[in-house]
Amino acid sequence: DNNKTPAAELARRESPYVLTMDALGRPATPAEVTAWDIDVRPDFAGLPPGQGSVSDGEEVWINRCASCHGDFGDSNKFFSPLVLGNITEADIASGHVAALKDPTRVRTTLMKVATVSTLWDYIRRAMPWNDPKSLSDDDVYAVLAYLLNLAYIVDGDYVLSKDNIAEVQARMPNRNGMSDDHGLWKVDGRPDVVAERCLRDCELGDKVSSSIPPFARNAHGNLRDQMRIFGPHQGINTVAESDP
Amino acid sequence: DNNKTPAAELARRESPYVLTMDALGRPATPAEVTAWDIDVRPDFAGLPPGQGSVSDGEEVWINRCASCHGDFGDSNKFFSPLVLGNITEADIASGHVAALKDPTRVRTTLMKVATVSTLWDYIRRAMPWNDPKSLSDDDVYAVLAYLLNLAYIVDGDYVLSKDNIAEVQARMPNRNGMSDDHGLWKVDGRPDVVAERCLRDCELGDKVSSSIPPFARNAHGNLRDQMRIFGPHQGINTVAESDP
Amino acid sequence: LASVIAPRALANNAGDPAILELPSWSRSLGNPVASRPYGMPSKYESNLQRRQSPGLTQTAQSSVSFSPLQGMFGMITASGLHFERHHQGWVDVDPRRHRLMINGLVKTAKVFSLEDLMRMPSVSRIHFIECGANTGMEWGNSAVPTVQYTHGMLSCSEFTGVPLSLLLEQAGIDKSRAKYILAEGADGSGMTRTIDIDRALDDAIVAYGMNGEMLRPENGYPLRLVVPGAQGVSWVKWLRRIEVGDKPYATKDESIHYVDLMPDGQHRQYTSIQEAKSVITSPSGGQKLLSKGFYNVTGLAWSGRGTVKAVDVSFDAGRNWYSAKLEGPVLPKALTRFNIGWEWDGQSAILQSRVTDSSGYVQPAMRQLREVRGRRSVYHNNAIQSWRVNASGEVENVQLS
Amino acid sequence: LASVIAPRALANNAGDPAILELPSWSRSLGNPVASRPYGMPSKYESNLQRRQSPGLTQTAQSSVSFSPLQGMFGMITASGLHFERHHQGWVDVDPRRHRLMINGLVKTAKVFSLEDLMRMPSVSRIHFIECGANTGMEWGNSAVPTVQYTHGMLSCSEFTGVPLSLLLEQAGIDKSRAKYILAEGADGSGMTRTIDIDRALDDAIVAYGMNGEMLRPENGYPLRLVVPGAQGVSWVKWLRRIEVGDKPYATKDESIHYVDLMPDGQHRQYTSIQEAKSVITSPSGGQKLLSKGFYNVTGLAWSGRGTVKAVDVSFDAGRNWYSAKLEGPVLPKALTRFNIGWEWDGQSAILQSRVTDSSGYVQPAMRQLREVRGRRSVYHNNAIQSWRVNASGEVENVQLS
Ligand SMILES: [Ca+2]
Ligand SMILES: [Ca+2]
Ligand SMILES: [Ca+2]
Ligand SMILES: [Ca+2]
Ligand SMILES: [Ca+2]
Ligand SMILES: [Ca+2]
Ligand SMILES: [Co+2]
Ligand SMILES: [Co+2]
């Protein structure tokens, strides 16, 4: 099977000419790597030096973030709330946010995130949303400190830095909330739901337990205009007709 | 192999429901078949009754055809000439147009066509080019008589009809000019050119015998603008540069 | 023009006016070649377009547009109808300026231009891409009316590009230490994802081609990562960097989102593989069948673990199942089209499809998924889909228990 | 912006400005989803479009537009770049009005609407379509400069539709007498072609789908005949009628045109099959290689008699040949993409490709074709194509003897 040949073998065996693919591409310069190698790992590899206080971060937040996330990170206008309470000292102690089990509670960013590095990494590469990669490293530390304070993970006088961020990690409320107990990483991983390929007189449940209520019939627009205008599969006119 | 199943078997075996595809589609009415069944075969099956003289055809030609094909069918403006001479009495006798072997002679419609039914069929379904299917059957006979007269296949006083068209067929100059001696009809037909899959030190001819002359370098426009603007395969700027 | 709309009604005994009266296009000269140097669909197809689901997101740049599966055929997705999922909008990258960097656990960090990449050996492979959140709104209950919204974060194309394994080899990957790669995009979001080194060295492609031409801007022009079988967010668009590493990176889009909430309050993390799934695309929700009789029932099946082995279809709410015909070629980690005949008797009927893949895995019912994962898992909803054909002919999205 | 255009020139030791200075698309919010409900290619791709060949025809409605093979990837043709060949222009058929009639040697002449046809069992198959006149201008000498013009009457799509055999069965075809079918179009030309009953009952499809959506108007919307392996003119567009017969029909486009002139003055008639053929699409005529070194040489191969078995590539004007890698799946009567590595040393070199198909047939050299068919055969030119790379890097279309 041609498609299973290792890539290098692939190139080398096809022609008697010396295949100098090595000339394709060139070594990256150190400055280039520095410019693009901006990721921060959970063990903080990649985290640049710097620092920022909660109060400095509040200023950055008001000027650069609040218009979308709200003064206290709880706005739902542009995106789901970053913080909204629902985190307790018991959570910080256990590393599992209990409110995640309650279907009536909104699940905010700070309730879910297990690794503070994720927040540092993401704020630096993507925020503000309409001006990404414009914050200095110190500003990122500062605004992250502010965000952590909103979630009661650090106090109001905290100064976040490369040197103490590991301590913050130890207080992340959901730091133990992630599990790798599943079969969806490896292609031959073991599935968690085992169904049977029943063919006759199967009992999988044949009672309708949910359907879209009549008042929502036109919630996605007139379905007649979303299907082909001819053929066997034309659309229901959800504006004009109710289902007889 | 699923894809090799006969079509009917395909449908029937997939479900225990009675598959009544027969209700899909409906019988055509006689008037419908008449409206669309307009082809004429070489044995004249499908040819409707009617007739037309050369002089009637000349009038149709002047009004409906000459603007594109010229008064005498020899214009090259919209399409290659229908007639242009190059047909002799010897051709009409033999049924092979000798001028087809001469590379210096233009190959016109009437030099090539073996079956007069082809002309009747095509004029009726497609001409005039900008008003197809507008001629009466009699007009088709007439204008075809005119065209045949231009090619000296019939005399100026001829009246073409369903009854005598077989006689015209017997005078078609290239009526014997078609051959089915080839392997390109059946998928397992025998090829006429047998090449060898030589791999080493082959002698297929390595001298360049033809290339595009420099004066024609830009005849297809600036090739730079017909290739991707980046990558390894950018276009030659045929306007600005001549090949060093 | 009653006969135009209802072909079976014959206005008089002679026949259908659509036949007896030749239409204008049979009696006139048509349009020139290259009227459209880049062609477009017929104007009569304008109802088939990608659409947002109202209220799904707060902004249009962090949002989804869904492919109109209800009007599609075969396994290939028309590129103009390919679904979108962006987090910070889509961008128009200048291919002359774009670069790909490879760094990390390699002998030599490298930079490639598009010229470099297009000079290298390439492969062309047909693969599906499915967002992990596809069908996510249905975890709790029937939420949206048509297959465009229930399943439309799904597309399939022939991708062309350089095997990632070849690029990693060219950079001198340290295979003794490499366990993961990080893929990063050049857009505003700088989207990053951790990818299993096995996937990276197996069938992952650094792709520039899609269905015979370059990628579309919305799909990552001029370069994207293709990770067959993995959820769409791993297929980083506008790919600018690959880092080889020995630990996972816990990026935002695998730590806060794309994590699967379980009933015990834990989240599963790094759930990359899209498990086997199928759906009937016609008849499907929002359509209306106009008469009884024979219908070809058609749909799509796929698996991130291999090939589709079989698709069964039920017409009686899952009591009895019949084997559908698979259209070939049946390719690994690609969409497979299935078809089966059905006679609609005018009564209410509930139609379902269920795939079995080459690993032996059988697509589960919604109820079975919920038993293990609860109702708030958000992602990886690969449940059997049910469509109820009512006696009126209207088809609706229902869930069974 | 020298570095933008020449990626290898480093403006200073620090690195490429394209990397050190983040581009605007990395530092801003992008465009919303569904900005284009039906998407289009990047603006940077605008050079790739279908084009007429100046002077090829007198009118634009009886003419050709060529696919830009030089910029294409894989085996699938982007539908917007599909080649065109019309005789009386292309038309915009209203699908609600369109009908398909089957008459002739059948038990019951039938009429089908699109609704009928789309309710019937369907198949989806990938096939190439090549005009019989493709490369026809090259019979005498090198005539046109790029692969778009030499070979661009060639495209490949996934077609979906009803097997013609099923429709003929539904009409009650009289198999004891049927030897041919006539296919007829609904456009102004009413294009007709005679088709072998073996082909009709084997893999011919009455198709409505093309690469996942409906056919494009220029390609026959809403219905065309697909006759795998047969020359494009047999794939009647805007298909309105199929007649079953016992004799060939000698239609205009198989009697005056699409007949192959032989040296003895006879014309071969009913030459339907497209024999095996291949061509290198890059590097190819009109391109300019900018530097020495490694290049992936890529192209397409196909056969109307079956599958591609092997493609050999020569870099020295046909003296020595090497096996190219075929991208899978290799499908019958479909395009197959091939790739092979090459080291350009900066000297003049002539590149060729040569296919062998599953029947054992080997693609011939131009000289061998001419020896049998002369220089004025017009159609079925499947000769080996030669591209000369000059020391300047310019690539041109040459012929050898
Ligand atoms: Ca280099
Ligand atoms: Ca790093
Ligand atoms: Ca800025
Ligand atoms: Ca009927
Ligand atoms: Ca007839
Ligand atoms: Ca008229
Ligand atoms: Co996941
Ligand atoms: Co032919």
Side-chain angles (χ1 to χ4, degrees), chain A residues 7-8 10-11 21 24-28 33 36-37 39 41-42 78-79 96 100-101 109 112-113 115 118 122 125-126 129 132 177-180 182 184-185 187 191-193 195 197 199-202 204-212 220 223 225-229 233-236 243-244, chain C residues 47 58-59 70-71 101 103 108-112 116 119-121 141-142 145 163 165-166 169 182 188-190 192 241 247 249-250 252 255-256 265-273 282 286-288 305 317-321 356 361-362 364-365 367-369 372 392 394 396 398-401:
Chain A
L10 186 81
M21 275 189 291
L24 295 177
R26 59 163 176 81
V33 175
W36 282 12
D37 183 7
D39 56 279
R41 285 192 335 195
F78 284 76
F79 196 63
H96 301 271
L100 291 171
K101 287 179 284 198
T109 310
K112 289 189 283 179
V113 66
T115 39
T118 302
Y122 183 68
R125 71 173 58 251
W129 199 52
M178 297 293 152
S179 164
D180 66 359
H182 60 76
L184 295 186
W185 180 245
V187 77
D192 60 337
V193 181
R197 190 184 168 194
L199 292 175
R200 287 285 166 273
D201 302 316
C202 310
L204 294 176
D206 56 4
K207 298 289 168 279
V208 173
S209 60
S210 179
S211 62
I212 294 169
H220 275 71
L223 299 183
D225 299 334
Q226 302 184 19
M227 303 290 170
R228 199 161 270 123
I229 61 173
H233 310 119
Q234 299 181 40
I236 300 168
D243 187 347
Chain C
N47 281 358
Q58 293 95 324
T59 66
Q70 66 273 16
M101 176 184 290
N103 74 306
T108 315
K110 288 261 193 159
V111 170
F112 298 89
D116 292 323
R119 284 173 68 162
M120 298 192 73
N141 47 260
S142 292
S165 56
L166 178 55
E169 195 164 7
L182 180 78
S189 79
T192 39
R241 187 166 72 98
K247 293 182 186 169
Y249 290 81
K252 186 268 282 182
S255 304
I256 304 173
Q266 292 298 91
H267 281 88
R268 286 176 173 169
Q269 191 178 24
Y270 301 118
T271 52
S272 284
I273 306 285
S282 280
Q287 294 176 346
K288 181 166 180 170
R305 295 201 199 276
R319 258 175 255 115
N320 295 286
W321 297 80
T356 303
Y361 174 88
V362 178
R367 192 200 74 223
Q368 292 169 304
L369 266 180
V372 177
S392 63
E394 293 197 358
E396 56 174 323
V398 298
Q399 295 189 358
L400 310 183
S401 64

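Every chain is numbered from 1, with letters handed out A, B, ... down the list of sequences.
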**Prompt:** Does A:Arg125 pair with A:Asp39 as a salt bridge, N-O distance under 4.0 Å?
**Reply:** no
**Salt-bridge criterion met for C:Lys110 and C:Asp116 (N-O under 4.0 Å)** = no
**Fill in**
Residues at least two apart in sequence or cross-chain that pass ring-ring contact (aromatic ring centres under 6.0 Å, His included) with A:Phe79, listed by chain then number, are C:His257
**Complete:** Across all chains, not counting sequence neighbours, the ring-ring contact (aromatic ring centres under 6.0 Å, His included) partners of A:His220 are C:Tyr149
Can you check whether [Y]'s main-chain N or O pairs, donor with acceptor, with [X]'s side chain at less than 3.5 Å?
X	Y	value
A:Arg200	C:Trp321	yes
A:Gln226	C:Gln70	no
C:Asn47	A:Met227	yes

**Prompt:** Looking only at heavy atoms, which two atoms of C:Tyr249 and A:Pro42 are closest? And how far apart?
**Reply:** O-CD, 3.5 Å
Report the option among [options] that has the most heavy-atom pairs separated by less than 4.5 Å from atoms of chain C.
options	answer
A:Asp180, A:Asp37, A:Val113, A:Val33	A:Asp37
A:Asp192, A:Leu204, A:Leu223, A:Ile229	A:Asp192
A:Trp185, A:Tyr122, A:Phe78	A:Trp185

Pick whichever of [options] has the most heavy-atom pairs under 4.5 Å with chain A.
options	value
C:Ile256, C:Val398, C:Thr356, C:Leu369	C:Ile256
C:Pro364, C:Ala250, C:Ala317	C:Ala250
C:Gln368, C:Arg305, C:Arg367	C:Arg305

**Complete:** If one checks every heavy atom of A:Thr109 against chain C at 4.5 Å, the contacting part turns out to be both
**Request:** Select one option (side chain, backbone, both, neither) describing which atoms of A:His96 are under 4.5 Å from chain C's heavy atoms.
**Result:** side chain
For [X], is it the side chain, the backbone, both or neither that has a heavy atom under 4.5 Å from a heavy atom of chain A?
X	value
C:Leu182	side chain
C:Ser255	both
C:Ser401	both
C:Arg319	both
C:Thr271	both
C:Asn103	side chain
C:Tyr361	side chain

**Message:** Can you confirm whether A:Met21 sits close enough to C:Met120 that some side-chain heavy atom of one is under 4.5 Å from a side-chain heavy atom of the other?
**Reply:** yes
**Item:** C:Asn320 and A:Asp201, any side-chain heavy atoms less than 4.5 Å apart
**Value:** yes
